[in-house]
Amino acid sequence: MQLPHRAPALPPSEVPSKSKVVWEKFSHHSKFQRKLYHFGTFPQDFSWGVSSSAYQIEGGWDADGKGPSIWDVFTQTPGNTPADATGDVACDSYNRLDEDLYMLRALRVKSYRFSLSWSRIFPDGTRSSMNQKGVDYYNRLINGLLANKITPMVTIYHWDLPQALQDRGGWENVDMIDIFNDYCDFCFATFGDRVKLWMTINQPHSIAWLGYGLGTIPPSIKNPGISPYIVAHNLIKAHAKAYHTYDDKYRTSQGGLVSIALNADWIEPKDVNVLREVRAADRALQFQLGWFAHPIFKNGDYPDAMKWQVGNKSELQDLSESRLPSFTEEEKNYIKGTADMFCINHYTTKIASHVTGQLSPYSYEQDRDLSETEESDSPTTDIKNQRAVAWGLRRLLNWIKEEYGNPQIYIAENGVATKSSTMWDDSTRVFYYKTYIDEALKAYELDGVRVNGYIATSLMDSFEWLNGYKVGFGLHHVDFSNTNRPRTPKYSAHFYYYVIKDNGFPRPDDEKMLYGHFRKDFLWSTATASYQVLMLLCYKCFLMAPPIILMRLDSTTITD
Ligand code: NOJ
């Protein structure tokens, strides 16, 4: 049987994407090399920001006419979150807008990425139910930001689908494309005179896979081989339609930019010298990031690796057509190019290895023919499976550059969890930001990646989805046991303030004299023992010293 959607076989001897150069260039780096520190600064107009999302911070779950979202229903059902945590009150930002603005002003961020609660604006998901009080809240927020010279970056939909739309089938229902478009149209018309940076959907991969495949997040549908592909198909079309609406009706008068926030781990092959493992790493990236980025940023269609893998498995499963839906030529032309910049959420790195996936039950995960493990050399964090692997960010940015033709990139989310009891001393977060931002800097300065902005996740501790309030990503601590929800800056907030002020990590003036070159015929040598001592010393200082000292301790210079 020949399947209609099946792609031609990929030559077994090749890694299918151009982006293999990234593994060729970086994967042979020694452990020491990949930890080298780089001084430098970002471009003058670099956009430093922080993020939040509506359900995670707002509370006011039924205030002033807001309708329930799928997250309200999920968390209000006992047993779904640790200690039955809900977003009913969260950080109470619905009532504490001025406090949020105060923190943003104090950090001196250039931008604030937040999301709109769909069911606060349209309680039943559609325009006929428009709730003016919800609209007023966002007007106050946007105006407050602009009054403080902070650029609003608005995510239109960050997972909290109105329950009324879930009752109509949610994202498995093709009608959602028009319904979402109408909601976006309203947002552009209402806020677009002041909002110039839009992200339509946050992490469509999580919606499709976690929401409709694994079913770990709402709407909790466990149909791993079919639903994620249908949902992703609808999400991609919905995004494209909203983009065209902006183009057709608002771009000329408003002049903003529209994109979508995709997410990706960096994937290293288990053995970079084994072609099959490099192909597995590339497939992992294509199935996670390429699923959405390939249609939107490349050619309107899914990656060949996905078409081949899912088509092939479907054939072996005796299905009459691939479980991966296909786009018509007209749809491909419509989807291609529907983003003005590349927005990427990134947290960690995994190691991929080729494994032949099972045929039963049908599953997106098995379709990939690979397994993923943690990067065991890197420090663990307070969230399982999220090790801090800073060097992975540089590689991911380079992969995006190679794969999607050097787009302008916003790192739209990056950060680390600590236990919510951490009030002030979040030095692990300082270390995380310091090393990850430095890798973004290397990508920009050394590799020519067009990194335009960096958004630290998050402004403050908040409802952390399936982790409830056990951990927080915040630069500010929030006391959730106090009805006033007091916010306190952590060590990382101070650190980030200085990174923004310095626009990166410039080499301090008073130290420039320490850097230079020896005469041409200088005799370089090493002695094992002293080398080991230096290494140990450097590494210890790097981990232990406060940030200002950290910025000055450059292991490259010491050993060069
Ligand atoms: C990605 C989500 O977009 C964000 O809402 C969440 O806080 C972070 N992951 C951390 O889990």
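Read the numbers this way: they start at 1 and go in the same order the structure lists the ligands and their atoms.
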>> Tell me whether S53 has any N or O atom under 3.5 angstrom from an N or O of ligand 1.
In response: no

What are the atoms of ligand 1, with element, lying closer than 4.0 Å to any heavy atom of [X]?
{"X": "F473", "result": "10 (C), 11 (O)"}
{"X": "Q56", "result": "4 (C), 5 (O), 6 (C), 7 (O)"}
{"X": "W465", "result": "4 (C), 5 (O), 6 (C), 7 (O)"}

Can you tell me which residue and heavy atom of the protein come closest to [atom], and the distance to 0.1 Å?
{"atom": "atom 10 (C) of ligand 1", "result": "E464 OE2, 3.2 Å"}
{"atom": "atom 4 (C) of ligand 1", "result": "E413 OE1, 3.5 Å"}
{"atom": "atom 8 (C) of ligand 1", "result": "Y347 OH, 3.3 Å"}

>> Is the positively charged end of R429 above the ring of F495, judged by distance under 6.0 angstrom from the centroid and angle within 45° of the axis?
In response: no

> Can K434 be said to sit on top of F505's aromatic six-ring, NZ or CZ under 6.0 Å from centre and within 45° of the ring axis?
Replying inline: yes

>> Does only the side chain of I383 get under 4.0 Å from ligand 1, or the backbone, or both, or neither? Count heavy atoms.
In response: neither

>> Between D377 and R34, is the salt bridge (charged side-chain N to carboxylate O under 4.0 Å, His left out) condition met? List the steps.
In response: CA-CA 12 Å; D377 283 336; R34 66 195 188 195; 3.8 Å; yes

>> Check the orientation of Y243 and H239. Use parallel for under 30°, tilted for 30 to 60°, and perpendicular for over 60°.
In response: tilted

> Measuring from W266:CH2 to N398:CG, what's the distance to the nearest 0.5 Å?
Replying inline: 8.0 Å

>> Whether the side chain of N452 engages the backbone of I409 through a donor-acceptor N/O pair (distance < 3.5 Å, no angle test) should be reported.
In response: no

